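One structure is given here, and the rest of the page talks about it.
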Amino acid sequence: MFRKPVLLVIAHGSRDPRHAATVHALVRRVRALRPDVRVETGFLDFNVPSAQGVLESLAAEGVRDVVALPLLLTRAFHAKADIPAVLRDAPPQLRIRQADVLGPSPLLLSALERRLYEAGLTPADKSSTGVVLASAGSTDPEAIAVIAAIAREWRHTGWCAVRPAFASAALPRTEDAVRELRALGCAKVAVAPYVLAPGFLPDRIARGAAEADVLADVLGPAPEVARVLLARYEGARVPLRAAIGA
């Protein structure tokens with residue numbers, strides 16, 4: 001039935017059951033958009049099936065071509081080290097390409113705005129609202145720089161101001177960014193979590209948003225996220241097809 005490479009979505013995993021539930025909801029949306037593509041899910045930690053276990057099962061079935069897609073918003077440690085290590089240990093008969101991470105993408109900015117409007121803002125609020133772009137945080141300078149660049153880009157779409165914030169490993173924290181936007185004179189302050197699924201760090205972002213007027217939901221299974229995911233799959237699949245003469 002499936003002639004295209006298998007899409008293996010590799011998520012981080014979490015002890016929080018909301019994380020896996022959200023990942024599975026996103027994968028269901030991807031399957032609905034592309035019923036011609038076999039989509040599997042594997043986790044790096046905490047949840048089953050493991051990414052390694054899925055790769056072994058695919059090889060045992062006779063699958064040969066796989067696109068491994070990191071369900072991550074930035075190229076930090078998991079994308080640069082953890083996932084490549086899993087792929088190096090995969091059964092040798094598998095031909096695997098690692099797709100790019102999801103961000104940055106204009107579609108993700110659209111998803112962030114969707115979540116803000118769902119939380120109560122309207123387009124008319126845009127010019128008077130300051131937004132905190134709240135990410136999980138990272139010790140990787142490249143990942144931090146990407147978040148700052150996204151905040152600058154988003155500011156140019158009409159918001160009063162946009163400030164990045166981080167739940168761990170970097171500063172400022174969400175609550176400090178909220179206060180900075182208040183001090184700038186923004187009539188409203190909204191917090192937009194730049195995270196894919198609920199969990200420990202998104203909960204920390206939510207606590208930091210206590211003084212904000214609006215707290216958006218996580219990106220989750222937003223249709224824009226599913227479209228970015230499929231675009232990354234196609235971007236990795238084309239070189240794979242060329243390499244095998246498909």
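Worth saying up front: this structure is predicted, and the values here are computed from it rather than measured.
Residues Leu116 and Val195 fall into different hydrophobic clusters, defined by Ile, Leu, Val, Met, Phe, Trp and Tyr side chains chained together at heavy-atom separations under 4.5 Å. In the hydrophobic clustering of ILVMFWY residues, with side-chain heavy atoms under 4.5 Å counting as a link, Val218 and Phe166 come out apart. In terms of hydrophobic clustering, with Ile, Leu, Val, Met, Phe, Trp and Tyr side chains grouped at heavy-atom distances under 4.5 Å, Val27 and Leu229 are assigned to a common cluster. Under a hydrophobic clustering in which Ile, Leu, Val, Met, Phe, Trp and Tyr are joined whenever their side-chain heavy atoms come within less than 4.5 Å, directly or via other members, Val66 and Ile83 fall into the same cluster. No continuous path of ILVMFWY side-chain contacts below 4.5 Å connects Leu133 to Leu201, so the two sit in separate hydrophobic clusters.
Salt bridge annotation for Glu224-Arg227: absent, with no cationic side-chain nitrogen under 4.0 angstrom from a carboxylate oxygen.
Summarising the geometry, atom CH2 belonging to Trp154 is positioned 6.0 Å from atom CD belonging to Glu113; distances are rounded to the nearest 0.5 Å. Atom SG of residue Cys160 and atom CZ of residue Arg155 lie 7.0 Å apart, to the nearest 0.5 angstrom. We find the OG-NZ distance between Ser127 and Lys188 to be 11.0 Å, quoted to the nearest 0.5 Å. The structure places CZ of Arg31 at 10.5 Å from CG of Leu26, a figure rounded to the nearest 0.5 Å. Here Ile10 contributes atom CD1 and Glu40 contributes atom CD; the two are 12.0 Å apart, rounded to the nearest 0.5 Å. With rounding to the nearest 0.5 angstrom, the CG atom of Leu108 is 6.5 Å from the CG atom of Leu219.
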Working for side-chain contact (heavy atoms from CB on, under 4.5 Å), residues Leu102 and Leu69: CA-CA 9 Å; Leu102 300 183; Leu69 190 147; 4.0 Å; yes

Evaluation steps, side-chain contact (heavy atoms from CB on, under 4.5 Å), between Tyr194 and Leu112: CA-CA 7 Å; Tyr194 190 59; Leu112 287 167; 3.8 Å; yes

Worked check of side-chain contact (heavy atoms from CB on, under 4.5 Å) between Glu61 and Val6: CA-CA 12 Å; Glu61 289 180 31; Val6 172; over 6 Å; no

Apply side-chain contact (heavy atoms from CB on, under 4.5 Å) to residues Leu184 and Arg163 and explain how you reach the verdict. CA-CA 11 Å; Leu184 282 175; Arg163 293 290 185 272; 3.2 Å; yes

Could you walk me through whether Arg182 and Glu211 pass the salt bridge (charged side-chain N to carboxylate O under 4.0 Å, His left out) test, one step at a time? CA-CA 10 Å; Arg182 287 269 188 239; Glu211 296 178 18; over 6 Å; no

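Looking only at side-chain heavy atoms (C-beta outward), Glu118 and Asp217 stay at 4.5 Å or farther from each other. When side chains are defined from C-beta on, Thr41 does not count as touching Val54, because their heavy atoms never get closer than 4.5 Å. The shortest distance between side-chain heavy atoms of Pro70 and His78 does not fall below 4.5 Å. You'll find the side chain of Pro104 stays beyond 4.5 Å of the side chain of Glu153, heavy atoms only.
The two atoms that bring Leu215 and Pro193 nearest to each other are CD1-CG, 4.0 Å, heavy atoms only. Closest heavy-atom contact between Ala197 and His19: CB-ND1, 3.7 Å. Closest approach of Ser138 and Ala76 over heavy atoms only: OG-CB, 3.5 Å. The two residues Leu181 and Ala161 come nearest to each other via the heavy atoms CD2-CB, 3.6 Å. The heavy-atom pair separating Ser105 from Arg232 by the smallest distance is CB-NH2, 3.9 Å. Residues Thr129 and Asp125 approach most closely at OG1-O, 2.7 Å, considering heavy atoms.
Residue Asp65 is tested with Arg3, Lys4, Arg38, Arg95 for a salt bridge (charged side-chain N to carboxylate O under 4.0 Å, His left out); the sole match is Arg95. Checked against Leu72 for a side-chain contact (heavy atoms from CB on, under 4.5 Å), the options Leu196, Val101, Asp82 give a single hit: Val101. Ile96 pairs with exactly one of Leu58, Leu8, Leu55 by the side-chain contact (heavy atoms from CB on, under 4.5 Å) rule, that one being Leu55.
The backbone N or O of Ala190 lies less than 3.5 Å from no partner atom in the side chain of Asp213, so there is not a single donor-acceptor pair. Side-chain atoms of Arg115 never come within 3.5 Å of backbone atoms of Ala216 as a donor-acceptor pair (strictly under, hydrogens ignored). Judged purely by atom type and a 3.5 angstrom limit, Asn47 uses its side chain to pair as donor or acceptor with the backbone of Ser14.
Residues Phe43 and His24 bring their aromatic ring centres within 6.0 Å.
For CZ of Arg64, the number of neighbouring non-hydrogen atoms (other residues, nucleotides, ligands) closer than 6.0 Å is greater than 12.
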